[in-house]
Structure formats: structure tokens, C-alpha cells
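Below is one structure, written out as C-alpha cells; comments come after it.
All values below were derived from every heavy atom in this structure, side-chain atoms included, with hydrogens, water molecules and symmetry-related copies excluded. Positions are given from 1 along the sequence.
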Amino acid sequence: MPFNGQSPIPAPIESLGYRWLKQVNEGAFSKVHLSEYHNRVNNCNETLACKLIDTKKCSEKFRRRFLPRELAILLHIRHPYIIRIHAIIKCRNSICIFMRFAEMGDLLSFVIEHGPLGEPQSRIWCRQLALALQYLHESGVAHRDVKCENILLSANFNVKLADFGFARYVTQKNRQVQMSTTFCGSFDYSAPELLKGKPYNPKASDIWALGVVLYMMLNKSIPFKGKTRQVYEQQMMRAWKFRSQVNGILSPEVKTLIRSLLEPNPLLRWTIEEVLVCDWLVQDRRLRSLTADEFAALAEARIFCRSSAEMNHVKKQLQQTETTEHSVTMIKAACSKIDGIKPSGPRISPRTSAIDGTMIAR
């Protein structure tokens with residue numbers, strides 16, 4: 001693939017085997033690039049996505065609070081349905097987060113292109129996303145920005161939850177959830193307790209966002225529209241409905257699940273454990289038990305012990321000044337393999353837009 005302009009990846013990082021290809025996306029404090037890594041051990045090239053953060057352009061709040069949190073969390077997460085981090089490298093004012101490249105793009109683009117998904121495919125992706133959230137919550141982490149744009153799809157059509165810019169540790173030593181006071185994430189996926197502007201349980205708000213994602217997959221639209229006060233009133237009154245073109249064909253079980261996820265009272269909203277054993281998900285026998293990779297990830301989450309020393313170490317590395325113009329700070333060393341996870345559901349072709357059809361297996 002040819003170069004498209006001058007490489008934004010610092011030369012000392014490129015010298016480690018990375019090659020910039022092109023820019024693919026842009027955020028407030030970062031840009032996402034397509035890149036290539038030459039694995040000198042295996043003598044092969046791997047296509048990666050690179051989230052490049054320019055700390056000179058970041059706000060003070062982002063540098064001091066959000067960035068260290070994101071990097072500390074990325075250092076330990078490892079799950080088949082969360083984007084795999086390859087390496088995190090700092091060079092002066094640039095931080096490069098190299099990660100697995102999701103070949104099929106994001107879920108929002110997929111739904112826009114192919115239309116509302118049928119229940120069989122939605123069931124697989126909903127379960128995978130629920131397992132990713134269960135893993136995070138068991139690790140004491142809330143994502144706080146679950147949305148279709150942050151759900152990527154691999155070549156095997158597995159979900160890969162991405163973008164941990166708003167993620168944070170929320171479980172205290174007594175296993176109680178620490179309430180959040182920061183309004184973050186996307187408005188369309190925000191739970192009513194966020195819009196109310198009072199301290200909220202971030203794990204419960206992740207569950208609400210999962211409900212919006214599932215609704216979007218089945219309806220190709222969001223359940224609530226309007227300004228903040230209007231949306232809040234709609235949420236509290238449960239004033240949403242399925243689009244007429246899908247309402248008659250959706251099963252009672254999936255409707256029950258969405259109603260339970262979009263429950264305005266966070267104390268009554270289903271937990272992630274209730275989601276994973278609900279009637280709709282277990283209709284598919286293949287999804288009733290964990291694969292070896294899914295089981296191993298959950299077991300790791302349950303014994304994970306967060307250390308304040310880890311966060312302090314990350315902050316120290318961010319503040320570190322490289323000694324020469326050719327040196328870098330390796331926050332996370334490169335992995336030898338990006339992803340070897342096999343799909344838990346049938347391999348599918350994207351060639352479908354039928355709202356009631358099962359996606360084509362091949």
C-alpha cells in the first residue's frame with residue numbers, strides 16, 4: 001500500500017518496525033491511522049491500527065486524569081471481544097497505541113450499510129458484547145462509552161469493543177461500586193441517571209448503553225431523539241417503541257430483553273449476569289456455554305487485583321523525557337501475535353440487508 005503524505009509516527013518508533021500507511025479517523029485529542037508492523041522474529045508483516053495522541057494538543061484534565069486511566073486499563077485487559085493492544089510507545093509528545101486492525105469496520109457503519117440485522121446475528125454480537133462488559137465489570141472497570149462506533153468487527157465477524165478513553169476503575173476494596181460524577185460518553189447512549197446530572201453507577205449505565213446498541217442493531221435507529229430534557233422525559237416514561245417494519249417480526253424474548261435494558265430505574269435494570277442467561281440468548285444452544293477463551297478471560301478478571309502502583313508507574317512513564325532524539329519509552333512492549341481467537345458463532349458474509357433474514361453462513 002502506498003504512503004499517503006508524510007508519516008505522523010515519530011521516526012524512533014518507526015525504526016522499531018512500524019510503517020505508517022494512511023489516516024482513517026480523527027477525534028478530539030487523537031487520530032487513528034492504518035499502519036504495518038514487521039515482526040522480525042517471525043519475518044512477517046501485521047496490519048495494525050494506531051491511535052496517535054499528541055499530548056501538546058490535549059487539555060490538562062485529559063493529560064492528568066483520562067490518559068493515565070486509559071493506558072493503565074489497556075495494560076491488563078485481554079479478552080476475545082475487546083480490541084487487542086499490540087504495543088504502547090511514547091516518543092516526546094506523541095503516544096502511539098498500536099492495536100489489532102478490525103477489518104470489517106465499526107458496527108454503526110455495518111448497520112447503516114446493510115440495514116437492520118436479523119435476530120440470529122444480533123444475538124451473537126449482543127452476547128459477545130455482554131461478555132466483554134462482564135469481563136470489564138468483574139475487573140472493576142466501567143467502559144462509560146459503549147456505542148456502535150466503538151464496537152469494531154473482525155474479519156471473522158467477532159465483536160471487538162474499543163476506545164477506552166473514558167474508562168475508569170470503579171470498584172473499591174470492599175467490592176462496592178464507586179459512583180461516577182463525570183458526564184461522559186455519547187448523548188444517544190446515555191442513561192437517564194447521567195442526564196439527571198447526579199452521581200450514577202457507571203456499570204449500570206454501561207448496561208443501558210448495551211440496550212441502545214441492541215435496539216440499533218434490530219431497528220437501524222436510536223430509541224430516543226430530541227434535546228436533553230425531552231430525551232430524559234421519554235426515557236423515564238419508557239416512551240420508545242420498535243419501528244413498524246420490525247415490530248411484527250421481533251420475538252417476545254428480544255423485546256423483553258430490550259425493555260429490561262432500557263429500564264429507567266438503574267436498581268431495577270438487569271445486571272450483566274441476568275442478560276447472559278436471558279431466554280433470548282440461550283435460544284441458540286451454541287451460546288449457552290463459554291468457550292475456552294471466554295472462560296479463561298472471565299477467570300482472570302475475577303482474580304485481577306488492581307494496584308495503585310500500576311497507575312503511578314504509568315504516570316511516571318508519561319512524564320518521562322526521552323534522553324536522546326532516537327529514544328522511546330516503551331509503556332507496553334510489542335506482542336508477537338495480535339489475535340488468534342476463533343469466532344464463537346457461524347462465519348458470515350455481509351451480503352444481506354433483510355431485516356428478518358439470517359446472515360449467510362459460509
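To the nearest 0.5 angstrom, Arg92 atom CZ is 7.5 Å from Ser327 atom OG. For the atom pair SG of Cys148 and CG of Leu107, the computed distance is 4.5 Å after rounding to the nearest 0.5 Å. Atom CG in Leu34 sits 4.5 Å away from atom CG in Leu21 (nearest 0.5 Å). With rounding to the nearest 0.5 Å, the separation of CZ in Arg269 from CG in Leu262 is 8.5 Å. Atom-to-atom distance recorded for Gln6:CD and Ile9:CD1 is 12.0 Å, nearest 0.5 angstrom.
The side-chain heavy atoms of Ile73 and Tyr169, taken from C-beta on, include a pair separated by under 4.5 Å. The shortest distance between side-chain heavy atoms of Leu67 and Ile95 falls below 4.5 Å. Side-chain contact between Trp240 and Ile258: present, with at least one pair of heavy atoms (C-beta onward) separated by less than 4.5 Å. Within the 4.5 Å cutoff, no side-chain heavy atoms of Glu310 are placed close to those of Lys315. Using a 4.5 Å heavy-atom threshold, the side chains of Phe164 and Leu136 count as touching. Contact of the Asn39 side chain with the Tyr37 side chain is registered, since non-hydrogen atoms from C-beta on lie closer than 4.5 Å. A 4.5 Å side-chain heavy-atom check between Met179 and Asn201 finds at least one atom pair inside the cut-off. Looking at heavy atoms from C-beta onward, Leu318 lies in side-chain contact with Ile331 at the 4.5 angstrom threshold.
Of the candidates Ile85, Ile53, Ile88, Ile88 is the only one forming a side-chain contact (heavy atoms from CB on, under 4.5 Å) with Leu71. Across Val275, Thr271, Leu129, Leu276, a single residue satisfies side-chain contact (heavy atoms from CB on, under 4.5 Å) together with Gln134, and that is Leu276.
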For this session: Could you walk me through whether Phe101 and His86 pass ring-ring contact (aromatic ring centres under 6.0 Å, His included), step by step?
Result: CA-CA 10 Å; Phe101 175 64; His86 169 84; over 10 Å; no

For this session: Take Asp145 and Asn150 through the test side chain to side chain donor-acceptor pair (under 3.5 Å) and record every step on the way to the result.
Result: CA-CA 8 Å; Asp145 197 17; Asn150 288 340; 3.2 Å; yes

For this session: Any chance you could lay out the side chain to side chain donor-acceptor pair (under 3.5 Å) test for Glu274 and Ser260, step after step, and finish with the verdict?
Result: CA-CA 10 Å; Glu274 289 175 307; Ser260 302; over 6 Å; no

For this session: Could you walk me through whether Arg168 and Glu70 pass the salt bridge (Lys or Arg N to Asp or Glu O under 4.0 Å) test, one step at a time?
Result: CA-CA 7 Å; Arg168 64 164 297 177; Glu70 177 180 8; over 6 Å; no

For this session: Begin from the C-alpha positions of Gln128 and Asn158 and carry the test side chain to side chain donor-acceptor pair (under 3.5 Å) through to its verdict.
Result: CA-CA 8 Å; Gln128 291 183 345; Asn158 282 319; 2.7 Å; yes

For this session: Check the pair Tyr81, Trp125 against ring-ring contact (aromatic ring centres under 6.0 Å, His included), reporting the backbone distance first and the verdict last.
Result: CA-CA 10 Å; Tyr81 310 126; Trp125 285 347; over 10 Å; no

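Annotation: ring pair (Phe, Tyr, Trp, His ring centres under 6.0 Å) contacts involving residues 54-76, sequence neighbours excluded, comprise Phe29-Phe62, Phe66-Phe166, His76-Phe304. Note on residues 27-36: pairs passing side-chain hydrogen bond (donor to acceptor under 3.5 Å, both in side chains), not counting sequence neighbours, are Arg19-Glu36, Trp20-His33.
Listed by chain and residue number, nothing satisfies the side-chain hydrogen bond (donor to acceptor under 3.5 Å, both in side chains) test with Lys147 (two or more places apart in sequence, or in another chain). Arg64 meets the side-chain hydrogen bond (donor to acceptor under 3.5 Å, both in side chains) test with Glu60; sequence neighbours excluded. For Ser251, the side chain to side chain contact (heavy atoms under 4.5 Å, CB included) partners two or more places apart in sequence, or in a different chain, are Glu119, Glu253, Val254, Trp280. Checked against side-chain hydrogen bond (donor to acceptor under 3.5 Å, both in side chains), Asp163 has no partners two or more places apart in sequence or in another chain. For Glu103, the salt bridge (Lys or Arg N to Asp or Glu O under 4.0 Å) test picks out Arg100, with sequence neighbours left out. Residues passing the ring-ring contact (aromatic ring centres under 6.0 Å, His included) test with Tyr135 are His79, sequence neighbours excluded. Evaluation of the salt bridge (Lys or Arg N to Asp or Glu O under 4.0 Å) rule for Arg302 yields Glu138 as partners, not counting sequence neighbours. Glu233 is linked by a salt bridge (Lys or Arg N to Asp or Glu O under 4.0 Å) to Arg229, counting only residues two or more places apart in sequence or in another chain. Partners of Lys255 according to the side-chain hydrogen bond (donor to acceptor under 3.5 Å, both in side chains) rule, which considers only residues two or more places apart in sequence or in another chain, are Asn247.
Nearest heavy atoms, Leu152 versus Ala102: CB-CB, 3.5 Å. Scanning all heavy atoms of the two residues, the minimum distance from Arg127 to Leu287 falls at NE-O, 3.1 Å. Arg40 approaches Ser15 most closely through the heavy-atom pair NH2-O, 2.8 Å. Between Lys51 and Met99, the closest heavy-atom pair is CB-CE, 3.7 Å. When every heavy atom of Asp106 is checked against every heavy atom of Glu149, the shortest pair comes out as CB-O, 3.7 Å. The nearest pair of heavy atoms linking Glu14 to Ser7 is OE2-OG, 2.7 Å.
Environment of CZ in Phe183: crowded, with over 12 heavy atoms of neighbouring residues, nucleotides or ligands closer than 6.0 Å.
The backbone N or O of Thr182 sits nowhere less than 3.5 Å from a side-chain atom of Ser180 that would complete a donor-acceptor pair. Here the side chain of Thr324 pairs a donor or acceptor atom with the backbone of His326 at under 3.5 angstrom. A donor-acceptor pair under 3.5 Å is formed between the side chain of Asp284 and the backbone N or O of Arg286. At distances below 3.5 Å, not a single donor-acceptor pair connects side-chain atoms of Lys332 with backbone N or O atoms of Leu74.
Taking the ring centroids of Tyr18 and Phe98, they lie under the 6.0 Å cut-off.
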Output a table of donor-acceptor pairs, distance under 3.5 Å, between side-chain atoms of residues 203-222 and any protein atom two or more places apart or on a different chain; print 'none' if there are none.
{"residue": "Lys203", "atom": "NZ", "partner": "His137", "partner atom": "O", "Å": "3.0"}
{"residue": "Lys203", "atom": "NZ", "partner": "Thr171", "partner atom": "OG1", "Å": "3.3"}
{"residue": "Ser205", "atom": "OG", "partner": "Pro202", "partner atom": "O", "Å": "2.8"}
{"residue": "Asp206", "atom": "OD1", "partner": "Arg144", "partner atom": "N", "Å": "3.0"}
{"residue": "Asp206", "atom": "OD2", "partner": "His137", "partner atom": "NE2", "Å": "3.0"}
{"residue": "Asp206", "atom": "OD2", "partner": "His143", "partner atom": "N", "Å": "3.0"}
{"residue": "Trp208", "atom": "NE1", "partner": "Ser190", "partner atom": "O", "Å": "3.4"}
{"residue": "Tyr215", "atom": "OH", "partner": "Lys241", "partner atom": "O", "Å": "2.6"}
{"residue": "Asn219", "atom": "OD1", "partner": "Arg243", "partner atom": "N", "Å": "3.0"}
{"residue": "Asn219", "atom": "ND2", "partner": "Tyr215", "partner atom": "O", "Å": "2.9"}
{"residue": "Lys220", "atom": "NZ", "partner": "Ile112", "partner atom": "O", "Å": "3.4"}

